[in-house]
Amino acid sequence: MGLQVYNTLSKSKEEFVPLVPGKVRFYVCGVTVYDHCHIGHARSAIVFDVVYRYLRYSGYEVTYVRNFTDVDDKIIRRANAEGTDCPTIAQRYIAAFHEDMDALGVLRPDLEPLATENIDSMIRIIEKLVEKGFAYQSGTDVYFEVEKFPRYGKLSGRQLDDMIAGARVEVDVNKRNPLDFVLWKGSKPGEPTWESPWGPGRPGWHIECSAMGSRFLGNTFDMHGGGKDLIFPHHENEIAQSEAASGEPFVRYWLHNGFVNIDNEKMSKSLGNFLTIGEVLQRLHPEALRFFVLSKHYRSPIDFSDDSITEADKGLERLYGTLEAVKERSAAGRDETFPDKVLRSQDGELFDAIAAFPDAFREAMDNDFNTAQALGFLFGLQRHLQRYLDRFGQKKLKGPAAALALKGASAIREYSAVLGLLTREPEVFFAEQRKLKIGTTGLTEAEVERLIEVRNQARQARDFQEADRIRKDLEAKRIQLEDSPAGTRWRVVS
RNA sequence: GGCGGCAUACCCAAGUGGUAAGGGAGCGGUCUGCAAAACCGUAAUUCAGCGGUUCGAAUCCGCUUGCCGCCUCCA
């Protein structure tokens, strides 16, 4: 069985069959660039990054588009507040977004279109909608008339009547139906403006994604992703506009990721429990944030807390710890190759675990991107590998013994790379961890290293009382020492 | 009011009809000068409760309880 994905449209898992065999056209709603991104954006970006990576790993040729909404009320407001213009604001936060994504190891999509560079496409769709009678001009605005589109509500599972009955639908005298949404807004003084058949103005939010999606991926494309909160109205409206205009189905599979809560509360600016990606990366390794996100299924809500990120941190360190051990202990014999029979004779259990791993990993990922299960399998392989290393005590591995260990390590790295994890050399990772956390201890790296040096001299002189005293002092400052034949390592514990 | 989701060991979490993965914490052991890390062992006769379908259910159906999200800009 191949890839199964949960499709919001059918509310069930479906076999993924791309429109064109071997190719996937994939669109994800990007961000509105008016402020720094928060960890909710990070989750969405990481989740769909893994979808992208896994599709490519599975052999698909993927065209991945993620837009920037760079014209919007919030951007205008911010520009006015700062006495500058919208492009300045947009460019600043696009740069910040890229900085965050790069730090998180989120791959750049194949295309990152800007709304403001696709106004013509939007106008053409709106023209077609007016022509076909799905849209009407009212004053200086143009609206989509939801009652003209019978399938309205099919994604979010709502009935028009139910929605109107809800108390929170805004009343607007310009609209024929309160649920009609704006396609084109007549401009007010001081706002960015484009010429159009309906006078100067700017596009509504929903039409942007319809236009960029169809322009770069065609009238019908395979996958569209975004946060759960976009299901209604944004994605519902995209479907209505696009399908009304083209007369073709818009998207085959809709994927939506769950929210991030903070200490079991919804993250929001009004609650003040808002964490930007930049803030979190001040104290948490980017791969640990990734690990945290991927340790739970992408559609479920996830709770960000000190405990949950500490767990993620420890899990990652365990994985990297084994990679480091392999690297240190298997230096010799790196270039030698041995037949499987020879490798298997070193340790049948490890050899078989390595051989069985790819299918297990794929099975997990094929099941609607079950990264949590995939991670579980990764730990299984890690344990086999570490157990194998431990069999040799402190001895260095050579020849086929080393080759088997290296084979295990490269299996771990190959598949964790599909998750965007374990992408660094282990010693680089641990050095980054120390650098990140040393600030919370009140010491500097140099001070710690000097104390370790003093302690090791004491140990050499067999003055264990002094050595243990230094270690205890460091421990009190949350610095943990590990003695090994390769020397003394240290880390900051949470 | 409408729509949808969730409830699995101390905590996090996978499991979607065949007899409970994994991680963290704890406890015991191995290793170690002692530690730490790692490894080994240990933890749910049971999956919110009740009823039903089935040879068989955490998994399907119904009801009950509790929690959460969306319906307004939102990842």
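Bear in mind the structure is a predicted one, so any value in this text is a computation, not a measurement. Chain letters run A, B, ... following the sequence lines, proteins first, then strands; residues in each count from 1.
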Base of C34(B) paired with side chain of Arg471(A) (donor-acceptor, under 3.5 Å): yes

For a quick check of understanding: with a heavy-atom distance under 4.0 Å over all strands, which category does Gln460(A) fall into, base, sugar-phosphate or nothing? nothing

Reckon Ser156(A) touches a base, only the sugar-phosphate, or nothing at all at heavy-atom distances under 4.0 Å? sugar-phosphate

Distances under 3.5 Å between protein N/O atoms and the N/O atoms of nucleotides 40-44 of chain B, please, pair by pair.
from: C40(B); atom 1: OP1; to: Arg387(A); atom 2: NE; distance (Å): 2.7
from: C40(B); atom 1: OP1; to: Arg387(A); atom 2: NH2; distance (Å): 2.4

Specify the separation, in whole Å, of atom CD1 of Ile452(A) and atom P of A36(B). 17 Å

Please state how far atom CH2 in Trp254(A) lies from atom P in G4(B), giving the value in whole angstrom units. 19 Å

So, does Lys472(A) get its side chain near the phosphate of C34(B), meaning an N or O under 4.0 Å from OP1 or OP2? no

Does Arg455(A) reach a base, just sugar-phosphate, or nothing at all? Heavy atoms under 4.0 Å. base

Indicate, with a heavy-atom threshold strictly under 4.0 Å, whether Val260(A) touches base, sugar-phosphate, or nothing. base

From CD of Gln386(A) across to P of A37(B) the rounded distance in Å is 13 Å

For C74(B), take OP1 and OP2 only and decide whether either is under 4.0 Å from a side-chain N or O of Lys228(A). no

Across the strands shown, which category fits Gly380(A) at heavy-atom distances under 4.0 angstrom: base, sugar-phosphate, nothing? nothing

Is Asn261(A) near enough to C68(B) that one of its side-chain N or O atoms lies under 4.0 angstrom from OP1 or OP2? no

Establish, with yes or no, whether the OP1 or OP2 oxygen of A37(B) is under 4.0 angstrom from a side-chain nitrogen or oxygen of Trp490(A). no

Of the nucleotides A14(B), A75(B), G2(B), which has the atom closest to the His297(A) side chain? A14(B)

Give one of base, sugar-phosphate or nothing for Asp303(A), where a contact means two heavy atoms less than 4.0 Å apart. nothing

Please work out if Phe377(A) contacts a base, only the sugar-phosphate, or nothing of the nucleic acid, heavy-atom cut-off 4.0 Å. nothing

Looking only at atom P, what distance separates G62(B) and G22(B), rounded to whole Å? 33 Å

Looking for any heavy atom pair under 4.0 Å, which part of the strands does Glu482(A) touch: base, sugar-phosphate only, or nothing? base

Please classify the nucleic acid contact of Phe464(A) as base, sugar-phosphate, or nothing, using heavy-atom distances under 4.0 Å. base

Atom CG of Leu230(A) to atom P of C71(B): distance rounded to whole Å? 10 Å

Just the rounded figure in Å: distance from P of C71(B) to CG of Asn237(A). 12 Å

Checking all strands, does Gly227(A) fall into the base, sugar-phosphate, or nothing category for heavy-atom contacts under 4.0 angstrom? sugar-phosphate

For a quick check of understanding: with a heavy-atom distance under 4.0 Å over all strands, which category does Gly226(A) fall into, base, sugar-phosphate or nothing? sugar-phosphate

If you measure from the C1' atom in G15(B) to the same atom in C47(B), how many Å do you get, rounded? 10 Å

Considering only U16(B), C73(B), G33(B), which nucleotide approaches the side chain of Lys13(A) most closely? U16(B)

